[in-house]
Amino acid sequence: MRSKLEASSLRGQLNSAQYEAVTTHLGPLLVLAGAGTGKTRVITFRIASLLHEGVDPSSILAVTFTNKAAKEMKERVKELLGFHPKGITISTFHSLGVRILRTDSEALGLRTNFTIYDSSDQQSLLRGILRDIRGAVTSSDVRSVQSAISLAKNRFQDSDDLIDEAEDDWEILIARAFARYEEHLFSMNAVDFDDLIRLPVKLFKNNSEIRDKYQGQFRFVMVDEYQDTNGSQYRFTQSLVGAERNICVVGDDDQSIYGFRGAEMDKILKFERDFPGAKVIKLEENYRSTASILSLANRVISENSERYPKELKSTLGVGEPIEWVDTKDEPSEVDYVLRKISEIKRTTKARYEDFVILMRSAFQARPFEEKLRLRQIPYTLVGGQSYYDRKEIKDVLGYWNVLSNPHDDVSFLRIVNTPKRGIGPTAIKKLDTFARSKNISVYESIFFASQGQGDFPPRMRASLKLLAEAFAKARDFKEEEDYGQMCRTLLDEICYKEYLHELYPDPLTVQSRWAAVEELCRGVEKWQEDNPGQSFSRYMEALMLQTQDEQADDDRRGVTLMTLHSAKGLEFPVAFLVGTEEEILPHKKSIEQGDRAVEEERRLLYVGITRAQRRLFIVGAKERKVYGATRVRLPSRFLTEIGDFEHWVKEYYDPDAQVVTGDQTNFFLNQILQQGNQDQ
DNA sequence: GAATCACGCATTTTT
DNA sequence: TGCGTGATTC
């Protein structure tokens with residue numbers, strides 16, 4: 001059998017730009033891969049091609065942002081080669097950072113068994129610090145300090161730098177909080193997510209021996225989604241590249257949508273300056289969307305000033321026209337979308353899975369969810385609040401952590417009074433004292449307390465006993481190694497569902513939160529089926545390492561609802577872009593922040609448009625309730641600014657009756673534009 | 001220790 | 001408008 005990787009065979013499987021990217025192995029290389037141009041294909045072929053040339057797998061490093069991307073890349077390389085290349089590193093920035101620190105962090109005075117603080121651990125720590133410095137603080141203060149610290153870390157600044165730069169009281173407060181925060185982390189032998197990248201860089205800087213070790217190992221470095229790298233990821237990459245300069249970065253400046261998180265897209269724009277003599281290859285042949293969809297995408301994005309000029313070319317036909325409709329209000333926006341879905345479903349072979357409803361902000365999903373439920377149309381909501389930050393997930397995982405590890409006092413203290421069972425600060429103090437005196441964990445102490453030991457008031461003792469019994473019942477199933485039953489029993493015993501009902505009066509909210517809990521339970525059962533004989537602790541470990549997107553893929557049923565951010569990299573035959581109005585897209589905050597932020601919003605629209613393969617619907621409302629009050633809405637500037645509407649617009653929708661087309665559409669839009677001008 | 005009230009605020013999100 | 005937080009009160 002002739003290898004798929006022989007040069008002659010490669011030419012048949014790749015277009016000429018792709019071929020060149022795949023076969024350029026030496027020196028700096030920038031691949032500008034527009035949406036749908038076969039980016040992943042290029043990366044995987046390139047890795048396979050390097051290996052085919054005899055490059056040692058352990059000298060190849062491919063870095064991605066998400067676990068999902070890393071996993072996909074591994075699978076596709078394996079598929080291409082027919083085996084998994086032993087020793088190759090395909091990993092996320094963060095797990096690579098963890099790996100380096102677990103090996104070498106002692107050079108920084110950090111013990112290698114450090115713990116990693118997640119965003120909510122970070123918040124509670126900061127809340128305490130801020131309260132200490134300034135007294136009362138709001139949660140938005142906490143968040144804003146958190147993000148300031150994170151941005152500073154990613155710019156590679158420390159608290160001293162912030163103090164030097166501080167111009168007002170608020171900035172001084174941030175700097176002081178930052179200093180205290182770092183002290184706390186250090187004394188607890190903990191790091192946060194930003195440190196996972198920043199500390200390895202520091203390590204390399206301080207210790208050239210360690211740096212040389214990694215540089216010597218990774219002779220071929222590849223970075224995916226390069227437009228999303230932030231300052232410290234950039235330095236991290238730079239410091240991994242040795243004198244051979246075999247670095248290949250792949251990305252699309254037009255899809256840089258994480259600026260708010262510190263991503264600096266000028267890094268991709270300045271790659272040629274960083275690596276003089278770099279080869280730049282543009283992938284512009286799009287295999288995903290019809291020509292009319294791409295012409296709109298090209299037109300929209302060409303309004304941006306900061307970008308590499310490029311244009312997506314369709315390999316498919318013109319396709320059907322894009323429909324841009326302006327509905328009366330939010331309910332009719334929802335109606336319109338659902339009607340179109342059923343219409344397309346009726347007239348074509350489309351399944352619900354072929355549709356996606358894309359929105360700028362997660363809250364826009366609400367009315368769609370309600371009506372989809374009402375009509376009993378299956379749907380999956382992706383994104384929104386981070387899965388592991390959701391209260392119900394944190395609660396449940398807290399319980400399970402305790403089951404898995406009775407010594408995990410942090411988890412135990414998190415759940416000891418959730419649901420409320422009358423174990424407040426005083427009870428906890430007593431428990432803690434008791435546990436210390438007996439030299440046992442706090443969790444273990446509740447069993448002694450419920451048997452009458454220690455000094456506890458009767459009511460408190462009764463509450464502790466109930467909790468102890470709940471755990472005892474669950475543990476019976478643990479001995480039988482029926483983990484699913486164990487988890488369900490525990491939740492049952494503590495009346496968790498009832499607790500959710502108390503907490504959230506809205507049955508819809510309860511339903512979705514409880515569904516998430518159910519999903520966790522099913523996950524346990526499925527895992528146990530797949531991994532018979534493994535301990536529950538192993539399951540918890542696996543769970544903590546995976547993220548939501550991995551599990552979401554298989555479970556995606558029905559119509560997909562998601563934010564534009566989480567849609568990047570995906571494609572759907574039919575896409576609805578909803579809420580395409582001023583102050584939603586572009587978002588109000590971005591308008592206030594200025595041109596740079598608005599350009600990022602425009603890229604967000606570009607990402608949205610390029611998700612569609614065959615049909616694209618752009619939908620907005622003429623009025624909408626905003627924080628309770630009904631407001632008149634204007635269409636997004638990104639659509640009105642490009643003019644030449646008839647090219648794309650097929651119909652103008654009015655729920656009250658007639659479909660208006662052609663000139664009248666133009667007339668309506670012109671009117672709006674004039675209104676807009678008068679306002680100024 | 002828990003219930004109640006009033007207030008302030010309101011993106012996007014991975015690890 | 002509705003949620004979550006913090007302070008106040010029982």
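A note on names: the letters A, B, ... follow the listed sequences, proteins ahead of strands, and every chain is numbered from 1. On a predicted model such as this, the values are computed, not experimentally measured, just so you know. Computation of the quantities below employed the complete heavy-atom set of this structure, encompassing side-chain atoms and omitting hydrogens, waters and symmetry-equivalent molecules.
Counting all heavy atoms, side chain and backbone alike, M562(A) lies closest to V356(A) at CE-CG2, 4.0 Å.
Between L564(A) and R421(A), the residue whose closest nucleotide on DNA chain B is further toward the 5' end is R421(A). Mapping L604(A) and L196(A) onto DNA chain B via the closest heavy atom, the residue that lands nearer the 5' end is L604(A).
No donor-acceptor contact under 3.5 Å links the side chain of E225(A) to the base of dT14(B).
OP1 and OP2 of dT14(B) both lie 4.0 Å or more from every side-chain N or O belonging to T92(A). Between N67(A) and dT15(B) there is a side-chain polar atom (N or O) within less than 4.0 angstrom of OP1 or OP2.
Distance, D194(A) CG to dT13(B) C1': 13 Å, rounded to whole Å. Rounded to whole Å, atom C1' of dA10(B) lies 7 Å from atom NZ of K589(A). We find that NZ of K568(A) is positioned 12 Å from P of dT13(B), with the value rounded to whole Å. The interatomic distance linking F260(A) (CZ) with dT12(B) (P) rounds to 9 Å, in whole Å. With rounding to whole Å, Y499(A) atom OH is found 12 Å from dA2(B) atom P. Separating the CE atom of M359(A) from the C1' atom of dT12(B) is a distance of 13 Å, rounded to the nearest angstrom. For the pair K420(A) NZ and dT4(B) P, the computed distance is 13 Å after rounding to whole Å. One atom, CZ of F193(A), and another, C1' of dT14(B), lie 8 Å apart when rounded to the nearest Å.
With hydrogens and angles ignored, the 3.5 Å screen pairs no side-chain donor or acceptor of R198(A) with any backbone N or O of F156(A).
Under the side chain to side chain contact (heavy atoms under 4.5 Å, CB included) test applied with S91(A), the options N67(A), V98(A), L96(A), T64(A) reduce to a single match, L96(A).
Salt bridge E581(A)/R624(A): present, at least one basic N to carboxylate O contact under 4.0 Å. Under a 4.0 Å N-O distance rule, the pair D228(A)/K568(A) qualifies as a salt bridge. With respect to the salt-bridge test (charged N to carboxylate O, under 4.0 angstrom), the residues R603(A) and E600(A) qualify.
For the residue pair S305(A) and E599(A), a side-chain donor N or O sits within less than 3.5 Å of a side-chain acceptor on the partner.
In this structure, H565(A) does not count as stacked on the base of dT12(B) under the 5.5 Å centre distance and 30° plane angle limits.
Closest to the S361(A) side chain, of the nucleotides dC9(B), dT15(B), dT12(B), is dT12(B).
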- Note on the structure: 5' to 3', nucleotides 1-10 of chain C under a 4.0 Å protein heavy-atom cut-off (B base, S sugar-phosphate only, - none) gives B----SS---
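Separation of the C1' atoms belonging to dG2(C) and dT13(B) is 23 Å when rounded to the nearest angstrom.
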